[in-house]
Chemist: 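Pasting in a structure now, in structure tokens, and then I'll have a few things to ask.
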Number of protein chains: 2
Amino acid sequence: MTRVLVVDDEPQIVRALRINLTARGHEVATALTGTEALRVAASFRPEVVILDLGLPDLDGTAVIEGLRGWTTVPIIVLSARTDSGDKVAALDAGADDYVTKPFGMDELLARLRAAVRRASAAAPGEEAVVETAAFTVDLAAKKVLREGAEVHLTPTEWGILELLVRNRGKLVGQKQLLQEVWGPAYASETHYLRVYLAQLRRKLEPRPSRPRHLVTEAGMGYRFEV
Amino acid sequence: MTRVLVVDDEPQIVRALRINLTARGHEVATALTGTEALRVAASFRPEVVILDLGLPDLDGTAVIEGLRGWTTVPIIVLSARTDSGDKVAALDAGADDYVTKPFGMDELLARLRAAVRRASAAAPGEEAVVETAAFTVDLAAKKVLREGAEVHLTPTEWGILELLVRNRGKLVGQKQLLQEVWGPAYASETHYLRVYLAQLRRKLEPRPSRPRHLVTEAGMGYRFEV
DNA sequence: GATCGGCGTCAGGATCTCGTCAAGGCACCG
DNA sequence: CGGTGCCTTGACGAGATCCTGACGCCGATC
């Protein structure tokens with residue numbers, strides 16, 4: 001139902017959370033250190049992060065900032081410290097909620113529900129179908145139609161197209177595209193974009209060499225025009 | 001800075017919150033009962049609500065639901081009850097956060113900041129469009145329209161225009177322009193500015209030699225006039 | 001009236017960026 | 001174990017953008 005990333009260095013807590021979360025139908029990934037957390041977050045794309053502050057390698061706020069550099073995913077902080085200074089620091093670093101150990105599992109789950117509800121409410125319930133002169137994109141069904149026939153897209157192609165269509169009309173920077181589709185470590189692999197944009201155009205544009213919908217803004221990024 | 005509605009039946013708590021919040025530049029409205037809270041919320045349009053659960057007239061979840069019927073404003077619940085059932089009920093009713101009394105003022109303020117930050121990040125619906133007699137600048141989409149047609153700008157041109165438009169009406173020093181667009185090492189390459197301002201005027205101004213919107217302040221810098 | 005500094009204008013060549021094709025590597029699946 | 005689809009990487013021409021120098025204009029100053 002929801003992808004949750006659990007970050008804690010105590011295996012029994014990780015285990016307890018994993019059991020409770022999977023029992024409620026969530027998909028769970030785990031990390032035992034801060035660096036692992038950042039790495040896993042990039043590939044797993046969690047919809048919410050549960051983060052313990054007492055990690056062995058990195059400071060808690062460092063992990064929060066590392067995530068906030070490229071994502072707005074809700075972060076619920078766990079900590080044994082009841083000191084209010086820690087709470088303030090974590091919340092101001094970008095955390096969404098702060099729960100002190102020991103915590104009630106039902107309370108944590110309620111806070112998690114609240115965080116997910118907020119995040120999904122924030123994503124505006126826009127039209128799931130966008131139509132251009134040449135093709136049709138169904139964001140909900142993850143399908144593209146061209147002249148009635150379905151066009152097959154690879155996961156990467158779809159990731160790019162989806163991001164552009166969701167920001168239709170707006171310019172999307174190449175950095176943003178790379179970070180959101182490939183992950184934060186790929187922010188400067190601009191060559192990937194050129195290759196995949198060419199592929200998308202070949203599949204979707206009537207005149208791939210003269211694109212009318214997938215437009216390049218040299219030096220800045222790309223734009224989807226209806 | 002931010003409009004806050006404080007709802008509590010204990011006058012000393014209301015008073016303490018009002019003092020702390022106004023000291024930080026927030027605008028505060030208060031209510032002592034649930035019905036009053038709902039009424040005041042409708043007229044005051046708070047950007048965040050701090051709500052005590054132990055109100056004399058209405059049940060706490062009833063107030064939350066009454067608010068959630070028409071607004072998504074962040075609600076931070078205060079309560080003397082530490083029972084986790086109450087927390088779950090309040091959070092699932094639509095509250096955003098739950099703080100148990102007695103609470104630290106700095107923690108509450110940090111949670112308030114977190115809630116406001118989230119809400120403002122979630123609502124990017126602001127019009128970032130600036131219109132002049134001759135052309136229109138859309139800061140979010142990075143687009144410029146002139147007589148209905150889109151004008152293509154290079155990254156450098158856009159960087160200058162964006163900086164000037166964001167400081168519209170104000171004088172922007174040439175040093176600042178150069179440093180923010182080209183980088184700190186280029187603070188004295190004033191020739192660049194002359195070239196690019198001329199290009200911008202040629203693309204945007206009806207009479208490039210008589211600029212009305214991209215104005216030069218000799219010896220100092222440039223100014224964008226609407 | 002001459003001089004000087006700041007500004008606007010223009011255009012060509014250097015430099016960066018983009019599109020395109022194709023080949024290699026890797027995982028997955030039958 | 002071979003095949004297939006997908007992602008990565010390299011090379012190169014085409015195109016867009018940027019830098020640079022030359023020149024003329026204007027107002028201020030001497």
Side-chain angles (χ1 to χ4, degrees), chain A residues 42-43 45 142 144 150-164 171-183 185-224, chain B residues 142 144 150-162 164 171-175 177-183 185-223:
Chain A
S43 57
R45 300 309 166 99
K142 292 198 191 296
V144 181
E150 184 175 341
V151 181
H152 175 74
L153 296 185
T154 72
T156 307
E157 287 164 1
W158 174 258
I160 294 169
L161 184 64
E162 180 176 18
L163 191 55
L164 289 174
L171 177 79
V172 183
Q174 22 195 35
K175 204 173 187 178
Q176 187 190 347
L177 269 165
L178 286 162
Q179 286 188 344
E180 301 213 13
V181 176
W182 276 270
Y186 294 76
S188 50
E189 300 283 352
T190 59
H191 191 160
Y192 291 6
L193 287 179
R194 290 202 283 283
V195 174
Y196 277 94
L197 261 296
Q199 267 171 25
L200 277 172
R201 286 176 182 140
R202 192 142 30 82
K203 289 184 177 179
L204 301 179
E205 294 271 6
R207 300 264 321 269
S209 56
R210 274 300 122 143
R212 290 180 43 207
H213 302 109
L214 298 166
V215 189
T216 301
E217 300 279 354
M220 303 199 280
Y222 294 86
R223 185 200 306 276
F224 179 83
Chain B
K142 291 203 197 300
V144 180
E150 188 169 333
V151 181
H152 179 77
L153 296 186
T154 72
T156 307
E157 288 163 2
W158 175 258
I160 294 170
L161 183 64
E162 182 175 17
L164 290 174
L171 174 74
V172 183
Q174 17 194 33
K175 205 175 193 173
L177 269 165
L178 286 160
Q179 287 186 346
E180 299 213 15
V181 176
W182 276 269
Y186 294 75
S188 49
E189 301 281 355
T190 60
H191 190 161
Y192 293 4
L193 287 179
R194 289 200 282 284
V195 173
Y196 277 95
L197 261 295
Q199 263 170 29
L200 276 173
R201 285 174 181 142
R202 188 144 31 83
K203 289 185 177 179
L204 301 179
E205 294 271 6
R207 302 263 320 270
S209 55
R210 274 308 124 90
R212 289 178 43 206
H213 302 109
L214 298 166
V215 190
T216 302
E217 300 278 352
M220 309 174 63
Y222 296 86
R223 179 203 310 278

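Below, all heavy atoms of this structure are taken into account, side chains as well, without hydrogens, waters or symmetry copies. All chains are named by letter (A, B, ...) in the order of the sequence lines, taking the proteins before the strands, and each is independently numbered beginning at 1.
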Chemist: Check whether any side-chain N or O of T154(B) sits under 4.0 Å from OP1 or OP2 of dA16(D), and answer yes or no.
Modeler: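 Answer is no, no contact under 4.0 Å.
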Chemist: To check you understand the geometry: which heavy-atom pair defines the closest contact between I160(B) and Y196(B), and what is its length?
Modeler: CD1-CB, 3.5 Å
Chemist: Could you check how far NE2 of H191(A) sits from C1' of dG19(C), rounded to whole Å?
Modeler: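 It is 9 Å, rounded to the nearest whole Å.
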Chemist: Between R202(A) and G221(B), which is nearer to the 5' end of DNA chain C once each is assigned its nearest nucleotide?
Modeler: G221(B)
Chemist: H152(A) side chain N/O closer than 4.0 Å to the phosphate oxygens (OP1, OP2) of dC6(D)?
Modeler: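 Yes, within the criterion.
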Chemist: Does E205(A) reach the main-chain N or O of R210(A) with its side chain, forming a donor-acceptor pair under 3.5 Å?
Modeler: no
Chemist: Just how far, in rounded Å, is P of dC18(C) from CZ of R223(A)?
Modeler: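 Spelled out: CZ on R223(A) to P on dC18(C) is 14 Å.
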Chemist: Round to the nearest Å and state the distance from L214(A) atom CG to dT20(C) atom P.
Modeler: 12 Å
Chemist: Starting at CZ of R210(B) and ending at C1' of dC25(D), how long is that distance when rounded to a whole Å?
Modeler: 12 Å
Chemist: Tell me which nucleotide among dG19(C), dG21(D), dT20(C) gets nearest to the side chain of V195(B).
Modeler: dG21(D)
Chemist: Once you apply a heavy-atom cut-off of 4.0 Å, does T190(A) come out as touching a base, just sugar-phosphate, or nothing?
Modeler: nothing
Chemist: So, does T156(B) get its side chain near the phosphate of dT17(D), meaning an N or O under 4.0 Å from OP1 or OP2?
Modeler: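 So the side chain of T156(B) is outside the cut-off, no N or O lying under 4.0 Å from OP1 or OP2 of dT17(D).
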Chemist: Quick check on dC18(C): is either OP1 or OP2 less than 4.0 Å from any side-chain nitrogen or oxygen of Y222(A)?
Modeler: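 For Y222(A), the contact criterion (side-chain N or O under 4.0 Å from OP1 or OP2 of dC18(C)) is not met.
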Chemist: Whole angstroms only, please: what is the CD-C1' distance between Q199(B) and dC19(D)?
Modeler: 11 Å
Chemist: Would you say T216(A) places a side-chain N or O within less than 4.0 Å of OP1 or OP2 belonging to dT17(C)?
Modeler: no
Chemist: Taking all atoms of both residues into account, what is the closest heavy-atom pair of R201(B) and L214(B), and its distance?
Modeler: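 Scanning both residues completely, I find the closest heavy atoms to be NH2-O, 2.8 Å.
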Chemist: CD of Q174(A) versus P of dA16(D): gap in Å, rounded?
Modeler: 16 Å
Chemist: May I ask you to evaluate whether R194(B) reaches the phosphate of dT9(C), defined as a side-chain N or O under 4.0 Å from OP1 or OP2?
Modeler: no
Chemist: dC18(D) P sits how many Å from W158(B) CH2, rounded?
Modeler: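 Nearest whole value for this atom pair: 14 Å.
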Chemist: E189(A) has an atom CD; how far is it from atom C1' of dT9(D), in whole Å?
Modeler: 10 Å
Chemist: Between dC19(D) and W182(B), is there an OP1 or OP2 to side-chain N/O distance shorter than 4.0 Å?
Modeler: yes
Chemist: Side chain of A198(B): nearest nucleotide among dG8(C), dT9(D), dT20(D)?
Modeler: dG8(C)
Chemist: Looking at the side chain of Y196(A), which of dC7(D), dG21(D), dG8(C) is the nearest nucleotide?
Modeler: dC7(D)
Chemist: What heavy-atom pair brings R223(A) and L164(A) nearest, and what distance separates the two atoms?
Modeler: N-CD2, 4.4 Å
Chemist: So, for Y186(B) and L178(B), which heavy atoms are closest and what is the spacing to 0.1 Å?
Modeler: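 So the minimum-distance heavy-atom pair works out to O-CB, 3.4 Å.
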Chemist: Between R212(A) and R207(A), is there a donor-acceptor pair closer than 3.5 Å when you use the side chain of the first and the backbone of the second?
Modeler: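 Not a single qualifying donor-acceptor pair exists.
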Chemist: Does a side-chain N or O of Y186(B) approach OP1 or OP2 of dC19(D) to a distance below 4.0 Å, or not?
Modeler: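 Checking dC19(D) against Y186(B), no side-chain N or O comes under 4.0 Å of OP1 or OP2.
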